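Throughout, protein chains are lettered first and strands after them, A, B, ... in sequence-line order, and every chain is numbered starting at 1. Note that the structure is a prediction, hence the values are computed from the model and not measured.
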Protein chains: 2
Amino acid sequence: MVPDVHSDAAPLGRRDLRKQQTRAALTGAALRLCAERGFDQVTVDDISAAAGVSPRTFFNYFASKEDAVLGDHLVEVDAMRVRLASLLPAMPVLEAVRRAVLLVVAAMEADRDHWFLRMEVVHRSPQLLPRLVLSGAEAERVTTEVIAAHLGVDPLAHGYPALVVATTGAAFRVAATRWMEAGGRLSLGALVDEAFTDLAAGLPDRAV
Amino acid sequence: MVPDVHSDAAPLGRRDLRKQQTRAALTGAALRLCAERGFDQVTVDDISAAAGVSPRTFFNYFASKEDAVLGDHLVEVDAMRVRLASLLPAMPVLEAVRRAVLLVVAAMEADRDHWFLRMEVVHRSPQLLPRLVLSGAEAERVTTEVIAAHLGVDPLAHGYPALVVATTGAAFRVAATRWMEAGGRLSLGALVDEAFTDLAAGLPDRAV
DNA sequence: CGCGAACTTGCAGCGACTGCAAGTTCATTT
DNA sequence: AAATGAACTTGCAGTCGCTGCAAGTTCGCG
């Protein structure tokens with residue numbers, strides 16, 4: 001009964017279910033193997049074998065080996081854009097961005113285990129770091145446009161929107177790094193707040 | 001006379017000269033071809049053929065095709081570390097970083113032509129963007145340690161040094177992007193100064 | 001001049017990745 | 001329930017990035 005839930009546009013079928021399973025199996029195997037051996041000591045054949053599919057099928061799910069490890073993370077971009085657009089008229093830009101970022105924070109804290117594995121892998125294979133950073137690049141481009149539209153300026157002519165987005169993105173990355181290095185003993189949200197506070201204060205010259 | 005100049009440790013010989021030529025020919029060909037056709041429409045064979053060497057030799061000069069296009073840029077890291085360490089005791093952290101960054105600014109404005117070609121290539125093939133950003137990662141790691149040492153704090157326990165470096169790095173990247181988008185009609189140094197000013201003011205909520 | 005080191009090159013091979021042409025599985029229609 | 005068509009998986013063959021190895025060649029230096 002009640003086969004169609006209202007929560008999400010999820011056309012549940014035997015097929016789509018299996019796709020989700022396969023995808024999860026692939027990322028899980030990729031993450032586990034790469035955390036154990038290191039990224040380049042794991043072949044696509046290894047991953048697909050561990051997930052029980054053919055190597056060719058692996059590339060039907062992910063465009064590259066890196067994608068399987070680092071994930072897409074493009075999902076939250078749209079939600080963030082909507083949230084930001086609704087917040088902007090009511091408060092300063094920096095504050096709106098801070099609150100919008102909390103969406104990503106929540107998603108990461110929910111996916112805690114996978115993120116720690118990712119940290120492990122990236123720590124062992126720093127070559128992956130740029131790709132991980134790029135995950136946010138699309139989000140930053142979108143965010144820049146939203147802010148520019150709100151301010152009514154051309155994002156190319158004025159550097160302010162891009163500057164806000166780039167620096168807050170950097171602050172977020174620092175907080176995330178500290179979170180992972182602390183093994184999650186600290187709250188990601190608190191670390192993000194701390195970074196945004198320093199940023200809003202103009203990075204004043206006080207260390208401790 | 002004066003065969004050994006004091007400026008650099010440059011053991012000039014027929015051999016080293018040819019190496020420089022070959023290296024320049026490879027980067028030049030890579031940059032030109034990739035700007036014309038796009039990064040993945042150019043093979044290593046194409047580049048090495050255009051430079052007049054064998055494909056195998058290409059990999060004696062560069063570890064990857066990306067390296068040939070984006071370059072190393074690790075040279076200025078050491079100079080920047082020294083400069084920063086000498087500036088830190090005399091002024092606020094943010095100001096010291098701003099002045100140290102001017103070294104990189106000068107290097108980029110001197111290598112203007114190559115940088116515009118790189119912009120062209122990265123614009124056509126955004127996959128290269130993360131690698132370009134990573135170029136600064138090593139510099140950022142070093143800079144973070146210098147600041148942490150100056151402040152006498154553990155860079156892992158306190159987020160401040162990493163935050164300063166990451167955000168200033170982001171600000172610099174925004175300025176560099178605007179510089180390239182403007183086709184060099186604006187001064188890179190002026191754009192960097194503008195970004196640092198906004199940053200020091202705490203990204204206040206004013207657009208124009 | 002002759003020796004050793006540095007540089008180039010071809011070859012053989014691994015692994016990431018892709019297009020194509022099956023074969024298989026499932027949802028849907030009648 | 002059977003038939004139809006779409007979606008998904010898979011093997012195959014091939015390209016390209018990249019590497020180690022073992023020559024061959026060039027150059028610096030005594």
What is the distance from [atom1] of [X] to [atom2] of [N], rounded to the nearest Å?
{"X": "A/Ile47", "N": "C/dC17", "atom1": "CD1", "atom2": "P", "answer": "10 Å"}
{"X": "A/Arg15", "N": "D/dC8", "atom1": "CZ", "atom2": "P", "answer": "6 Å"}
{"X": "B/Leu17", "N": "C/dA6", "atom1": "CG", "atom2": "P", "answer": "19 Å"}
{"X": "B/Leu26", "N": "C/dT8", "atom1": "CG", "atom2": "P", "answer": "9 Å"}
{"X": "B/Asp46", "N": "D/dG17", "atom1": "CG", "atom2": "C1'", "answer": "13 Å"}
{"X": "A/Lys19", "N": "C/dT25", "atom1": "NZ", "atom2": "P", "answer": "17 Å"}
{"X": "B/Asp45", "N": "D/dC16", "atom1": "CG", "atom2": "P", "answer": "8 Å"}
{"X": "A/Gln21", "N": "D/dC8", "atom1": "CD", "atom2": "P", "answer": "15 Å"}

Practice task
Check step by step if salt bridge (charged side-chain N to carboxylate O under 4.0 Å, His left out) holds for A/Glu140 and A/Arg173.
Solution key: CA-CA 13 Å; A/Glu140 292 194 1; A/Arg173 259 171 249 127; 2.6 Å; yes

Problem - Any residue of residues 52-62 of chain A with a heavy atom less than 4.0 Å from an atom of DNA chain D - result: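 Only A/Val53, A/Ser54, A/Arg56, A/Thr57, A/Asn60, A/Tyr61 qualify.
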
Problem - Sub-4.5 Å side-chain heavy-atom contact between A/Val174 and B/Thr167 - result: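 They are not in side-chain contact.
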
Exercise for the section: Between D/dC16, D/dC27, C/dC17, spot the one nearest the side chain of B/Thr43, thanks. Expected result: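 Ranking D/dC16, D/dC27, C/dC17 by closest atom to the B/Thr43 side chain puts D/dC16 first.
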
Exercise for the section: Assess whether salt bridge (charged side-chain N to carboxylate O under 4.0 Å, His left out) is satisfied between A/Glu120 and A/Arg124, documenting all intermediate values. Expected result: CA-CA 6 Å; A/Glu120 194 77 26; A/Arg124 278 182 82 122; 5.7 Å; no

Practice task
With A/Arg118 as the cation and A/Trp115 as the aromatic partner, state whether NZ or CZ is under 6.0 Å from the six-membered ring centre and within 45° of the axis.
Solution key: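 Yes; both conditions hold, so A/Arg118 lies above the ring face of A/Trp115.
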
Exercise for the section: Output yes when at least one side-chain N/O atom of B/Lys65 is less than 4.0 Å from OP1 or OP2 of D/dC18, else no. Expected result: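 It does not, given that no N or O in the side chain of B/Lys65 lies less than 4.0 Å from OP1 or OP2 of D/dC18.
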
Handout entry: Salt bridge present between A/Arg81 and A/Asp78 (N-O < 4.0 angstrom)
Key =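 Looking at A/Arg81 and A/Asp78, the cut-off is met.
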
Handout entry: Contact nearer the 5' end of DNA chain D, comparing B/Glu66 with A/Arg18
Key =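 Nearer the 5' end of the strand: A/Arg18.
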
Exercise for the section: Answer yes or no: is there a donor N or O on one side and an acceptor on the other, between the side chain of B/Ser125 and the main chain of B/Phe39, under 3.5 Å? Expected result: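 Answer holds: yes.
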
Handout entry: Residues, nucleotides or ligands: over 12 heavy atoms within 6.0 Å of A/Arg37 CZ
Key =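 Enclosed.
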
